[in-house]
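Written below as structure tokens is the structure these notes are about.
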Number of protein chains: 2
Amino acid sequence: MQLSKGFDYAVRCMVHLALQPGNGGADLKSISRAQAVPVSYLAKIMRTLVRGGLVTSTLGRGGGYVLRRDPSEITLLQIYGLMEGEINFMNCMQNEKSCSLVPLCPQRPVWGRLQKAVEGVFRETTLQDLVPRPFAGIEKERLHVPVRP
Amino acid sequence: MQLSKGFDYAVRCMVHLALQPGNGGADLKSISRAQAVPVSYLAKIMRTLVRGGLVTSTLGRGGGYVLRRDPSEITLLQIYGLMEGEINFMNCMQNEKSCSLVPLCPQRPVWGRLQKAVEGVFRETTLQDLVPRPFAGIEKERLHVPVRP
DNA sequence: TGAATATGGAGTCACTAACTCCATATTCAA
DNA sequence: TTGAATATGGAGTTAGTGACTCCATATTCA
């Protein structure tokens with residue numbers, strides 16, 4: 001029961017974007033260097049985040065990535081959903097009829113409780129909560145500015 | 001973030017044992033048949049449960065397995081601990097120094113919260129809670145009797 | 001004595017997380 | 001106009017491991 005590296009990377013890179021001065025954005029190479037994530041793998045992750053609407057990308061020279069919303073409006077649940085899909089602890093939780101052995105499986109509600117618990121933590125945690133203290137709260141009014149210098 | 005089949009099997013087989021009439025115990029083959037778990041794999045799982053002290057085994061003809069304690073005193077956390085070890089959602093949570101990037105990693109407390117949440121559900125759920133309704137509570141006074149007929 | 005049980009541990013196999021590579025498209029600067 | 005710097009798309013690779021199998025051994029009972 002581990003979270004994937006992909007998810008970990010995604011979260012850290014989103015936080016990295018949230019930390020850019022004036023939210024100016026950052027490009028693949030710089031994120032890769034700062035977060036120690038292999039650049040080619042990071043590229044794939046960023047594509048997922050862009051497709052999912054959490055990040056905006058700019059092509060060509062001087063391009064890069066910017067958060068699409070305020071860090072306080074991006075939850076871990078959204079990132080998890082993009083990287084991993086629905087939270088489910090057992091295969092039998094995916095659809096109703098996959099549990100074949102017992103008509104009313106007694107552990108089903110337990111797995112459900114786990115799901116809800118984790119979902120709750122993910123839903124309540126925003127990128128803003130993950131910004132290291134010294135930087136918390138600054139530059140918030142300068143969000144959403146374009147990347148280009 | 002999935003629970004392993006091994007853990008699922010272990011839980012179901014423990015419940016199966018809790019359901020035996022008069023807690024007479026059951027042997028590999030019958031558990032395997034009833035719970036649809038490959039017998040050779042089940043053998044390995046049962047060894048873990050025996051070593052862990054949750055189940056007593058009897059060798060030789062007429063042998064098998066019996067729960068060592070009352071179902072209400074066996075928690076999912078104990079079973080999980082045997083099958084999977086400590087709950088940890090990220091590798092960096094194993095020891096203090098594995099998180100190398102940032103001295104005070106902001107997501108650490110979040111992973112910790114997940115851990116606590118799941119641990120809580122596991123600790124509060126006993127085998128007794130997983131016994132299907134019609135059987136709940138019966139035969140409790142006849143626990144701990146020997147296997148042999 | 002032998003059939004029926006559990007034990008121990010090495011071995012197999014398939015799947016997938018994690019990562020690479022390359023060809024292509026876009027943008028800007030000179 | 002060209003080329004350097006960026007992102008995109010997707011196929012390919014690899015190492016690790018979860019989910020099993022297999023067999024030789026020990027124990028118990030009929």
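Chain A is the first sequence line, chain B the second, and so forth, proteins listed ahead of strands; every chain is numbered from 1.
The distance between atom CG of A/Leu3 and atom P of C/dA17, rounded to the nearest whole Å, is 13 Å. Note: CG (A/Leu49) to P (D/dA7) measures 13 Å, nearest angstrom. Taking atom CD of residue B/Gln2 and atom P of nucleotide C/dT16, one finds them 10 Å apart after rounding to whole Å. Across the protein-nucleic acid pair, A/Tyr65 atom OH and C/dT27 atom C1' stand 14 Å apart, rounded to whole Å. Between the CZ atom of A/Phe7 and the P atom of C/dA18 there is a distance of 12 Å, given to the nearest Å. In this structure, A/Asn91 atom CG and D/dG18 atom P are separated by 15 Å, rounded to whole Å. As a whole-Å value, the separation of A/Asp27 CG from D/dA4 C1' is 14 Å. The separation between A/Met83 atom CE and C/dT16 atom C1' is 15 Å, rounded to whole Å.
Contact between the side-chain N/O atoms of B/Ser57 and the OP1/OP2 oxygens of C/dT7 is found at a separation under 4.0 Å.
A side-chain donor-acceptor contact under 3.5 Å links A/Thr125 to the backbone of A/Val121. Side chain of A/Arg12 to backbone of A/Gln35: a donor-acceptor contact under 3.5 angstrom is found. With hydrogens and angles disregarded, a donor-acceptor distance shorter than 3.5 Å links the side chain of B/Ser32 to the backbone of B/Val37. Counting only distance, with no hydrogens or angles, the side chain of A/Gln78 and the backbone of A/Thr75 share a donor-acceptor pair below 3.5 Å.
Between B/Asn91 and A/Asp8, every side-chain heavy-atom pair lies at or beyond the 4.5 Å cut-off.
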Verdict with supporting geometry, A/Phe122 and A/Ile79, side-chain contact (heavy atoms from CB on, under 4.5 Å): CA-CA 9 Å; A/Phe122 277 168; A/Ile79 301 178; over 6 Å; no
Dump the intermediate steps for side-chain hydrogen bond (donor to acceptor under 3.5 Å, both in side chains) on B/Asn88 and A/Gln2, then the final yes or no. CA-CA 7 Å; B/Asn88 82 313; A/Gln2 282 229 329; 3.3 Å; yes
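Both distances falling under 3.5 Å, in either a Watson-Crick or a G-U wobble arrangement, place D/dC29 opposite C/dG2. Nucleotide D/dT8 forms a Watson-Crick or G-U wobble pair with C/dA23, both donor-acceptor distances falling under 3.5 Å. Here D/dT14 sits opposite C/dA17 as a Watson-Crick or G-U wobble pair (both hydrogen-bonding atom distances under 3.5 Å).
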How does protein contact run along nucleotides 20-27 of chain D, one letter per nucleotide 5' to 3', with B for base contact, S for sugar-phosphate only, - for none, heavy atoms under 4.0 Å? BBB----B
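If you find the closest nucleotide of DNA chain D to A/Lys29 and to A/Arg51, the one lying nearer the 5' end belongs to A/Lys29.
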